[in-house]
Amino acid sequence: MSVIEAVKQQAQIEQEQQKRAYQVLQNEKSMPVKMWTNGVIVDDNSKQQLLQTAQMPFIYKWMAVMPDVHFGLGATIGSVIPTKGAIIPAAVGVDIGCGMMATRTSLTASDLPDNLHGLRTELERLIPHGMTKTRGRRDQGSWETPPEMVDQAWADLVADFELICAKHPRLKNTNNRKQLGTLGTGNHFVEICLDEHDHVWIMLHSGSRGVGNAIGNHFIELARKDMQKHFINLPNKDLAYLVEGTEHFDDYWFAVGWAQRFAMKNREIMMQSAIKALATIIPKPFNAKLEAVNCHHNYVEKEEHYGEEVMVTRKGAVSAKLGQYGIIPGSMGAKSFIVRGLGNQESFCSCSHGAGRVMSRAEAKRRFTVEDQIAQTEGVECRKDADVIDEIPSAYKPIEDVMNAQKDLVEVVYTLRQVVCVKG
C-alpha cells in the first residue's frame, strides 16, 4: 500500500468513527472497547485502565464505556463489563448496589416554602447521614435505635445474611441493620428537585453502606488469594477474579445479590423518610408515588445478549433496556435527568450514571474555595462549607456534554434542577 493510499484509508476510518456515536479503543492484547465519549475528555490513565480490563480472557465480545468515564479501583468507573465464566469483584466495587431513586409528587414549586432551610433541616433530622468517629458513642450516620420500618426491612434480609456469615464469619460484626435506611458520605445525597413543569421530585443516591463495603473488600481479598494460589499473573492486581463454579464464586454471587437487595431497600426506606420530612414542612396533602424509579449503577447481574447468557458488571453505569427508566444525576447545582432506555445492544443496553469526575477530591479541595462553592451552588439550599468543596460542580464533567454523547443510548423524559440538597 502506498503512502497516499494509507493516508486515504486512515482518513476514511476517522470519518466513519465520527459518524458513529462511539469510538473504539483497542491494542494487540485486548478486546475492543467501545467508548461513548464524543465531546468529553477521557484521561490517559483511564484509557490504560480500560485496556487492562479488556485484556482479561473472559470478556464477552467487547467492553462498553459511558461518557462519565474516569479512573477507579479495579476497573474504570463508567464501564460496562460483560463476562463469561468469571467475575471481577473489584470491578463491581465496594459500594455494591449503589444507585439512585426518584419519585414525582403531586406538589408544585408554589407549594414549597419561600425559605427552604427548614426543609433541609428536617431531611437531615430524619435521615442519618455522614459519619462521625466517636469512642463509645453512636455514629451520627447510623441509627441508635432503628425505627420499625427498618426492622421490617431487615426481617426480609437477615436470614440470608446469616447464611453468608456462617461461611464468612468476619462479615458478621459489620454495620448492617443500624445503617439500613441511612445515607452515608461522599457523593451520596438527598435532593428536592423541580422538573420543567415545576413538579416537585424527591431524588436520592446511596448504596449498601458498611456491610456492602465489607462484602466487597472481603471477596476482593479472596480473589487475590486465588490468583496467588494458582500463580495467575494479572495486568493489575485489582483485576483478580473468581471462576464460575468455584466455592468463592458461588459465595460471592449470593453475597453480592444480597447486598444489592440491601441497597434497594436502603433507598426505599430513605425515600419514606424524605416523604415524611416533606409532609412535615408542607401541611397540604399530596401524592408521593406518581412516578418512581429505583436503579443500581454499581452492580452485576446475569443478562442475555446476542443470544447468550452473560454476567454484566456495570461499574458506574445504568441499565437502559428499551423503555426502561433510569436516573442520571448532575453535580450539586447542575441539572439531573430522568431518562428512558433506547435498548442499544452495542452498549449492552446501558447508559452513564452521572456526570463523572474530572479531578480527585483532594485536587478539588486544593483548587477551589468556599466562595467558589457558594457561587456554583447559587439557588440551592445546601451546605456551603469547606467539608463539601470536593463535591463542587466544577469537579465534574459538564452534564450537558455527557448527555449529548449518549443520545443513542437514552432519551430524556424529565429534566430536574435541585432546590434542596443534603450531603453525607
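This one's a predicted model, so the numbers in the text were calculated from it and none came from an experiment.
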Relative to each other, are the rings of His205 and His188 parallel, tilted or perpendicular (30° and 60° limits)? perpendicular
Would you call the rings of Trp62 and Phe348 parallel, tilted or perpendicular, where under 30° means parallel and over 60° means perpendicular? tilted
Is it true that atom CG of Leu163 has more than 12 heavy atoms of other residues, nucleotides or ligands lying nearer than 6.0 Å? yes
Give a yes or no on whether a salt bridge exists between Glu244 and Lys84, defined as a side-chain N under 4.0 angstrom from a carboxylate O. no
Ion pair Asp151/Arg177, N-O distance below 4.0 Å: yes
Please, which pairs that meet ring pair (Phe, Tyr, Trp, His ring centres under 6.0 Å) have at least one residue in residues 395-424, sequence neighbours excluded? Trp201-Tyr414
Between Glu122 and Arg125, is the closest basic N to carboxylate O distance under 4.0 Å? yes
Classify the ring geometry between Tyr60 and Tyr306 as parallel (under 30°), tilted (30 to 60°) or perpendicular (over 60°). tilted
Assess Lys178 against Trp143: is NZ or CZ under 6.0 Å from the centre of the six-membered ring, and within 45 degrees of the ring's axis? no
Determine whether the side chains of Gln55 and Ser30 contain a donor N or O and an acceptor N or O closer than 3.5 Å. no
Between Asp198 and Arg417, does any NZ, NE, NH1 or NH2 come within less than 4.0 Å of an OD or OE carboxylate oxygen? yes
When you compare the side chains of Gln272 and Glu268, does any donor N or O come within less than 3.5 Å of an acceptor on the partner? no
Ion pair Arg224/Glu221, N-O distance below 4.0 Å: no
Sorted by first residue and then second, give each ring pair (Phe, Tyr, Trp, His ring centres under 6.0 Å) pair with at least one member in residues 35-55; sequence neighbours left out. Tyr22-Trp36
Quick note, salt bridge (Lys or Arg N to Asp or Glu O under 4.0 Å) partners involving residues 396-413, not counting sequence neighbours, are Arg340-Glu411
When you look at NZ of Lys29, are more than 12 heavy atoms from neighbouring residues, nucleotides or ligands closer to it than 6.0 Å? no
Basic-acidic side-chain contact under 4.0 Å: Arg357, Asp68: no
Is it true that Tyr299 and Trp258 have ring centroids separated by less than 6.0 Å? no
Among pairs that include at least one residue of residues 371-390, which meet ring pair (Phe, Tyr, Trp, His ring centres under 6.0 Å), considering only residues two or more places apart or in two chains? none
Could you check whether Lys423 pairs with Glu191 (Lys NZ or Arg NE/NH1/NH2 to Asp/Glu carboxylate O, under 4.0 Å)? no
For Lys335, check salt bridge (charged side-chain N to carboxylate O under 4.0 Å, His left out) against everything at least two apart and list the hits. none
Salt bridge check: are Arg261 and Asp160 linked by an N-O gap of less than 4.0 Å? yes
Please collect all ring pair (Phe, Tyr, Trp, His ring centres under 6.0 Å) contacts where either partner lies in residues 358-387, sequence neighbours excluded, each pair once. none
